[in-house]
Amino acid sequence: MAKLKIGGTWAGVLEDVDLDSWTVPKLREEVARRSNCSPDSISLICAGKILKDDDATGGHGGNGNLAQVGVKNNSKILASRVSPQEGNLLRQEIMAEEERSRRLSRLRAAATALAERHADGSLPVEDFNIEVEDQSGKKVRLGSETDQRAVMMGLMLHAKGKRLIKQGNYKDALEVLSMGEESFSLCDPKVIELIDNVPILQIDMVWCYFMIRDIRWLSDAGKRLEMARVGIERAHGKDSFRLRLLQGGRYPELALHLRLDLLEGVVTYHSGQLDKSRKALDSAKAKFNQLQVPDEALSFLMSMGYKERDAKRALRMNNQDVGSAIDFLAEETTKKLQKQEEDIRRRTEIREQKRYGMTPLKKAVDLERLKELVSIGFDKELAAEALRRNENDTQKALDDLTNPETNSALQPIFLLTLPNMKVHIESRKRKRQKQATETQIEKVVHMGFERSRVVAAFEVGGTLEEVIQRLTALPEADHTAEAIQTAAPDGSASSSAPLPHNVSEMLEQINDVEDPLDLSKAEERDVEMEDELSAVIVKTDALADYDIEVNIEGEAITEYLALIEAAGSSGKMALSR
């Protein structure tokens, strides 16, 4: 028994409290009774944490008693009184915040899992592979395997953060972008210096600060913008010279620089540096005017069949030049078609890799190295097995293939004649069928049947429903295979097991039983969250970071320039709304 010290609405000591049996609702009811009010109007706080009724559902891994939610002997609990409506609203807000926290944790875990599976050459679980590409669409490998994984994870979280920004969910976007920043920090700094993704992420984070309008982030925003400007110049070159060469004279980065100038102007304004703020905002305004799409040019491109969004993007990134915009759109169309063909080819390759199996370190067979061995005359299946056994080491695989003794050791796995290959495939099929049957046996045993009876019933054969019918139709004392096979199908014989008589009802219960032998891939993976992340990646292209609608930026430029004028004329600062 424990003592709890209560303060607030009712002050006193609750004695003889059994922490192992009392739940939060019971404690709330006791405090409410002593306070002469309804339990709905009582809010309880212990050790800085609001105690919720749904803690009693076992969300902490047990039966939800006070001990499991952190209440101890002599704990101090603050009881405050709120209206029932306020109490319900508070609990709803808490539940919503917890759900948000769970989703963010799942998102981080899913990004980590995807990066680990796709960065190290492991055989993909899915029918796609995630790879890092440069702006021209070429696959690149940055640094070590650890660097590649960190970059991949950072890119996925950055893409998800940008999607949340577009949805106006700036609070969650900021959390996800922070995760992305943390992922990039795990990479070798020399690798990060080669790309502009990290500086762009910094700008996106400050944009979230700006849209949330919280002045507490002012100093942090200034530091991030300084790092972003240095990082962009390092990646793009002085005056974006390197980027201009890569992009064939185009100006994809103009909107990004507009946002950077605007945010620098906002930060310096709130820091009291009016001259620096005006200079940054004037620069942002010039870029804003440069990005305004002429109606005639837009109408002309749309008359050619291009969508409005695509036409605007092309004109903005080509300095409003119609000819260059048309060339850009044609190139983008070609790239999309090539990308679709590449995706189809890669899915075919993944299916082929799955057919060859995994190396001892769970990696996929390297198809490029396989092609090299096939090109010099080795059988494809045999060469694949040699690479698989040797962790894709071409020289070791070649040694095995050319050595008569080791070559013969490869033969039993992939025999070249069709009948033997069929036997090999069928044996694998039988193995899978045996595993599935063992799983079903365990589930039926879990329902209360004796194992020997269940095994005998499955030996007779038939569907799961037929097996259940045999078991329920047979006296428990007789569980030989012969007796089960001759049991009445209508269930005329009785069973002493306390089980439902309705076979379909039993089948539903069996389906609800967790697999006792092995967790499914869906249970091991957070498929829903991984699919959500991969869907974001599919919709992201190489120029997505530069493709910014600048309407909000234009309004903010006008607003802050007006504030600077007002501050200059009155001699004092004014806060933005």
Side-chain angles (χ1 to χ4, degrees), residues 1-110 171-172 175 442-443 445-448 497-500 505 508-516 519 522-524 526 528-529:
M1 295 299 179
K3 292 182 180 180
L4 302 181
K5 301 174 182 177
I6 312 297
T9 303
W10 176 79
V13 177
L14 289 179
E15 298 184 354
D16 298 331
V17 176
D18 187 350
L19 299 179
D20 292 327
S21 63
W22 278 44
T23 60
V24 174
K26 184 172 181 178
L27 176 61
R28 190 189 307 281
E29 289 173 3
E30 184 62 27
V31 173
R33 184 180 66 80
R34 296 175 185 245
S35 305
N36 295 319
C37 59
S38 67
D40 287 344
S41 64
I42 293 295
S43 175
L44 301 175
I45 300 176
C46 179
K49 175 187 174 184
I50 297 177
L51 302 181
K52 307 181 298 299
D53 286 354
D54 57 2
D55 286 340
T57 62
H60 294 266
N63 59 11
N65 57 45
L66 292 180
Q68 288 177 321
V69 299
V71 179
K72 303 175 182 178
N73 185 33
N74 290 320
S75 286
K76 296 179 180 179
I77 297 176
L78 176 64
S80 57
R81 188 168 183 175
V82 296
S83 69
Q85 293 80 5
E86 289 174 334
N88 290 332
L89 182 61
L90 178 62
R91 283 188 281 276
Q92 289 173 5
E93 290 176 351
I94 292 170
M95 291 176 65
E97 182 61 26
E98 287 192 342
E99 175 59 26
R100 171 179 172 271
S101 178
R102 279 193 293 270
R103 276 191 62 80
L104 290 173
S105 296
R106 288 174 58 200
L107 182 66
R108 180 197 292 270
K171 184 179 179 181
D172 283 0
E175 293 276 3
E442 292 300 324
K443 288 185 176 182
V445 170
H446 186 82
M447 296 297 297
L499 295 165
E505 181 181 339
E508 290 179 5
Q509 292 188 32
I510 289 174
N511 290 333
D512 290 337
V513 176
E514 290 187 4
D515 187 342
L519 290 173
E523 290 170 323
E524 292 175 350
D526 190 340
E528 178 188 1
M529 193 57 69

Please report the interatomic distance [atom1]([X]) to [atom2]([Y]), rounded to the nearest 0.5 Å.
{"X": "S75", "Y": "L19", "atom1": "OG", "atom2": "CG", "result": "7.5 Å"}
{"X": "L51", "Y": "T23", "atom1": "CG", "atom2": "OG1", "result": "11.0 Å"}
{"X": "I45", "Y": "K76", "atom1": "CD1", "atom2": "NZ", "result": "15.0 Å"}
{"X": "L78", "Y": "I6", "atom1": "CG", "atom2": "CD1", "result": "9.5 Å"}
{"X": "R103", "Y": "E528", "atom1": "CZ", "atom2": "CD", "result": "6.5 Å"}

Legend entry - Evaluation steps, side chain to side chain contact (heavy atoms under 4.5 Å, CB included), between I77 and V31: CA-CA 10 Å; I77 297 176; V31 173; over 6 Å; no
Please name all residues satisfying side chain to side chain contact (heavy atoms under 4.5 Å, CB included) with [X], sequence neighbours left out, ordered by chain then number.
{"X": "N74", "result": "K3, K5"}
{"X": "R33", "result": "E30"}
{"X": "D18", "result": "M1, D20, S21, W22"}

Legend entry - Listed partners of E15 passing salt bridge (Lys or Arg N to Asp or Glu O under 4.0 Å), at least two apart: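 Residues passing salt bridge (Lys or Arg N to Asp or Glu O under 4.0 Å) with E15: none at all.
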Inset, instruction - List the atom of C46, the atom of V71, and the distance in Å for their closest heavy-atom pair. - result: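 In terms of heavy atoms, the two residues are closest at SG-CG2, 4.2 Å.
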Inset, instruction - State, to 0.1 Å, how close R28 and P39 come at their nearest heavy-atom pair, and which atoms those are. - result: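 Minimum heavy-atom contact is CD-O, 3.1 Å.
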Inset, instruction - Look only at the side chain of S41 and the backbone of R81, and say whether a donor-acceptor pair between them is shorter than 3.5 Å. - result: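 Such a contact is absent between S41 side chain and R81 backbone.
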Inset, instruction - Answer yes or no: is there a side-chain heavy-atom contact under 4.5 Å between L14 and L27? - result: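 Answer yes - side chains close enough.
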Legend entry - L66 side chain near V24 side chain, heavy-atom distance below 4.5 Å: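 When only atoms from C-beta onward are counted, V24 and L66 do touch, with a gap below 4.5 Å.
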